[in-house]
Number of protein chains: 2
Amino acid sequence: MATTTSLSPETPSTPGEPETTAPAPLTPAFSPLYQQIKVLILKSLQAGEWKPGELIPSEMDLAARFRVSQGTVRKAIDELAAENLVSRRQGKGTFVSTHAEQQVQYRFLRLMPDSGDLSSEGPAERQIVDCKRLRAPADIAHPLALRTGDAVLQLRRVLAFQGTPTIIEDVWLPGGPFKGLTADRLAAYRGPMYALFETEFGVHMVRAEEKIRAIAADAASARLLGLPQGEPLLSVERIAYTYNDVPMELRRGLYRTDTHHYKNALS
Amino acid sequence: MATTTSLSPETPSTPGEPETTAPAPLTPAFSPLYQQIKVLILKSLQAGEWKPGELIPSEMDLAARFRVSQGTVRKAIDELAAENLVSRRQGKGTFVSTHAEQQVQYRFLRLMPDSGDLSSEGPAERQIVDCKRLRAPADIAHPLALRTGDAVLQLRRVLAFQGTPTIIEDVWLPGGPFKGLTADRLAAYRGPMYALFETEFGVHMVRAEEKIRAIAADAASARLLGLPQGEPLLSVERIAYTYNDVPMELRRGLYRTDTHHYKNALS
DNA sequence: TAGTGGTCTAGACCACAGG
DNA sequence: CTGTGGTCTAGACCACTAC
């Protein structure tokens, strides 16, 4: 079959339409079939056709829907699974990834106790310190692809492990998608913050980038963590993205690393 | 074909041999064919049948050699490529990964300037501060899977970018595989340290794990980096592994992160 | 027993690199 | 032109899950 033609399911191309008004070929036109299928599945995920935790159609069903062979759908799903957007379970089906009900509680948290792992420390004790709406200054707006002055939510919380405050997090969220988020709703929610984002606001974080630095604790941070001012802390600046690389969260964490460390694997 | 039988190329099993003396089924006996192929290719890589930078046999050749279909070999190589052990180049073939002649100079270095990338800063200026043999104390021997008192090489160097000393690295290597490594040979070598390890000592690092902390600069570190004592530094403790998860290097880096940051991607 | 993902095969054709 | 990896297909069978 031609690999040079683009593809749209149940929606034959409209040859009469002038190319100039075509909605821009996000599908780069000269890509393998399975890549086109991947994009189509991605669009369905983004559109919420299947929600986090749900079962997506079987490979055979998708193959029929897209008029390709099962192997081609398989390769598309393989890539989605490699990117942790879906997870396959033999005999059951393929499920949309979720930050809730995941065996790993904190999918994006790389902090580990120096001995054992996070789960061995029991659930983190969370305390919301602050939650307010404000107009984004430039250095907040820019990473979130907003304009200076746009409404953002800012919240600050402290995470403690086994009674020891270990993490301070400042989180900035775009005001629009997260309208209605309050400290109370956050405090009431059991489970990871990203799980709440999924269920309450329909925002699914799929990947993130972090910039890590060593800094000295300022007065406020030192007080919250019960450390002397000037103590070295790990500064972890994260931008989290939804589908299509849209930034939806800016987060700055301060980790104490005398009893914990940030773990990373290189290959 | 049976997926429950194990496989050995040109070396039919020896049924007469008692199982108790069998060299232990590293191939877990009940694994898919392509996994068994992967292990066989891995063994060839480890044995040095194809060296870093070299071309490995084509998929068809390997398929013939292992008596399986090309698609099965392909899936095995797919996984090796995903782990960065080999890299595929369309029209050319599949090559053993190398730390030399790679477009990316520092495959394992995650430090980035706050604006731009490492290559935009030109080559790092390297200075060997120290290089000596010693008997490993317990905290060095253990991560290297050595015994306390075994011979190890210790070296210290400083990396500067655009004239600014930015990284101090202490490196510990097992004395056996790296017999003959001297400060002079290191200083004379152009290219990444891991490339020298490959060409001069036949040690190919394939993956690494890092533990990251924030610490305060001690007197010696502060002097080498031209910073005031007590300044926060990023401590990056790395264990690098060759094939088969054998640890071959312990490295502790101290990064100044006022102009640079450690970059990490999460998914 | 039926349905799912997982493996394996064989064959065709495409895209790319290099003689 | 040949040989390489890359894509796509169709069909068979296996392993796991759930009814």
Side-chain angles (χ1 to χ4, degrees), chain A residues 1-7 9 27-41 50 53-97, chain B residues 1-7 9 27-41 50 53-97 101 103:
Chain A
M1 180 168 294
T3 64
T4 52
T5 55
S6 67
L7 198 129
T27 312
F30 290 109
S31 68
L33 244 192
Y34 77 89
Q35 286 285 2
Q36 302 178 36
I37 303 299
K38 182 184 169 187
V39 169
L40 292 174
I41 297 175
W50 317 300
E54 287 181 6
L55 190 63
I56 77 172
S58 75
E59 294 177 354
M60 288 303 276
D61 287 352
L62 289 171
R65 167 165 166 181
F66 297 131
R67 315 293 222 78
V68 298
S69 78
Q70 184 248 12
T72 300
V73 169
R74 183 164 187 78
K75 182 145 190 184
I77 295 181
D78 275 344
E79 291 208 350
L80 294 172
E83 296 168 19
N84 282 315
L85 294 177
V86 300
S87 76
R88 330 182 71 142
R89 299 179 210 167
Q90 187 173 122
K92 290 186 174 177
T94 301
F95 296 79
V96 183
S97 294
Chain B
M1 182 168 295
T3 63
T4 52
T5 55
S6 65
L7 198 128
T27 312
F30 290 109
S31 68
L33 244 192
Y34 76 89
Q35 286 285 4
Q36 302 178 37
I37 303 299
K38 182 184 169 187
V39 169
L40 292 174
I41 296 175
W50 318 300
E54 287 181 6
L55 189 63
I56 76 172
S58 74
E59 294 177 354
M60 288 303 277
D61 286 352
L62 290 171
R65 167 166 165 181
F66 296 133
R67 314 294 220 81
V68 298
S69 78
Q70 184 249 12
T72 300
V73 169
R74 181 165 188 78
K75 182 145 190 185
I77 295 180
D78 275 345
E79 292 207 349
L80 295 173
E83 296 167 20
N84 283 315
L85 295 178
V86 300
S87 75
R88 330 181 72 142
R89 298 180 210 165
Q90 186 173 118
K92 289 185 174 178
T94 301
F95 296 78
V96 183
S97 295
E101 68 153 338
Q103 54 280 62

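In the text below, chain A, chain B and the rest are named by the order of the sequence lines, each starting its count at 1. Just the heavy atoms: all of them, side chains too, but no hydrogens, waters or symmetry mates, feed the values below.
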**Student:** Starting at CG of B/Leu55 and ending at P of C/dG18, how long is that distance when rounded to a whole Å?
**Tutor:**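 After rounding, the reported distance stands at 12 Å.
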**Student:** Return the value, rounded to whole Å, for the distance between atom CZ of A/Arg74 and atom P of D/dT9.
**Tutor:** 15 Å
**Student:** A/Ile37 has an atom CD1; how far is it from atom P of D/dG6, in whole Å?
**Tutor:** 20 Å
**Student:** Give one of base, sugar-phosphate or nothing for B/Arg89, where a contact means two heavy atoms less than 4.0 Å apart.
**Tutor:** sugar-phosphate
**Student:** Of the nucleotides D/dT9, C/dT9, D/dG5, which one has an atom closest to the side chain of B/Thr72?
**Tutor:** C/dT9
**Student:** Look at B/Lys92 and C/dC16 and indicate whether a side-chain polar atom (N or O) is within less than 4.0 Å of OP1 or OP2.
**Tutor:** no
**Student:** What does A/Glu59 touch in the nucleic acid at a heavy-atom separation under 4.0 angstrom: a base, only the sugar-phosphate, or nothing?
**Tutor:** sugar-phosphate
**Student:** Is A/Arg88 close enough to C/dG6 that one of its side-chain N or O atoms is under 4.0 Å from OP1 or OP2 there?
**Tutor:**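 For A/Arg88, the contact criterion (side-chain N or O under 4.0 Å from OP1 or OP2 of C/dG6) is met.
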**Student:** Whole angstroms only, please: what is the CE-P distance between B/Met60 and D/dT2?
**Tutor:** 16 Å
**Student:** Heavy atoms from C-beta onward define the side chain here; which of D/dT7, C/dG6, D/dT9 lies closest to that of A/Pro32?
**Tutor:**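 For A/Pro32, the side-chain atoms sit closest to D/dT7.
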**Student:** Using only side-chain N and O atoms of A/Ser69, determine if any of them is under 4.0 Å from OP1 or OP2 of D/dA10.
**Tutor:** no
**Student:** Please pick, from C/dC8, D/dA15, D/dG5, the nucleotide with the shortest atom-to-atom distance to any side-chain atom of A/Gln90.
**Tutor:**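 Of the options given, the side chain of A/Gln90 lies nearest D/dA15.
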**Student:** Where do B/Ile41 and B/Phe66 come nearest, in terms of heavy atoms and distance?
**Tutor:** CG1-CE1, 3.9 Å
**Student:** Figure out the CG/P separation between B/Asp61 and D/dT4, and round it to whole Å.
**Tutor:** 6 Å
**Student:** Minimum heavy-atom separation for A/Thr72 to A/Tyr34, with atom names?
**Tutor:**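 Heavy atoms only, the tightest pair is O-CB, 3.6 Å.
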**Student:** Mind calculating the distance between CG (B/Leu33) and C1' (C/dA10) to the nearest angstrom?
**Tutor:**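 My rounded result for the distance is 15 Å.
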**Student:** Nearest 0.5 Å, please: how far is CG in A/Leu62 from OG1 in A/Thr94?
**Tutor:** 8.5 Å
**Student:** Just wondering, do B/Val73 and B/Met60 contact through their side chains at under 4.5 Å, heavy atoms?
**Tutor:** no
**Student:** Starting at CD1 of A/Ile77 and ending at C1' of C/dT4, how long is that distance when rounded to a whole Å?
**Tutor:** 11 Å
**Student:** Could you tell me how far apart B/Lys75 (NZ) and C/dT7 (P) are, to the nearest whole angstrom?
**Tutor:** 4 Å
**Student:** Looking at A/Glu54 and A/Val96, would you say the former's side chain and the latter's main chain have a donor-acceptor pair under 3.5 Å?
**Tutor:** no
**Student:** Of the candidate nucleotides D/dG5, C/dG6, D/dT4, which contains the atom at the shortest distance from the side chain of B/Thr94?
**Tutor:**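 Of the candidates, D/dG5 comes closest.
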**Student:** Below 4.0 angstrom from OP1 or OP2 of D/dG3, is there any side-chain N or O of B/Ser58?
**Tutor:**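 For D/dG3, OP1/OP2 do not have a side-chain N/O of B/Ser58 under 4.0 Å.
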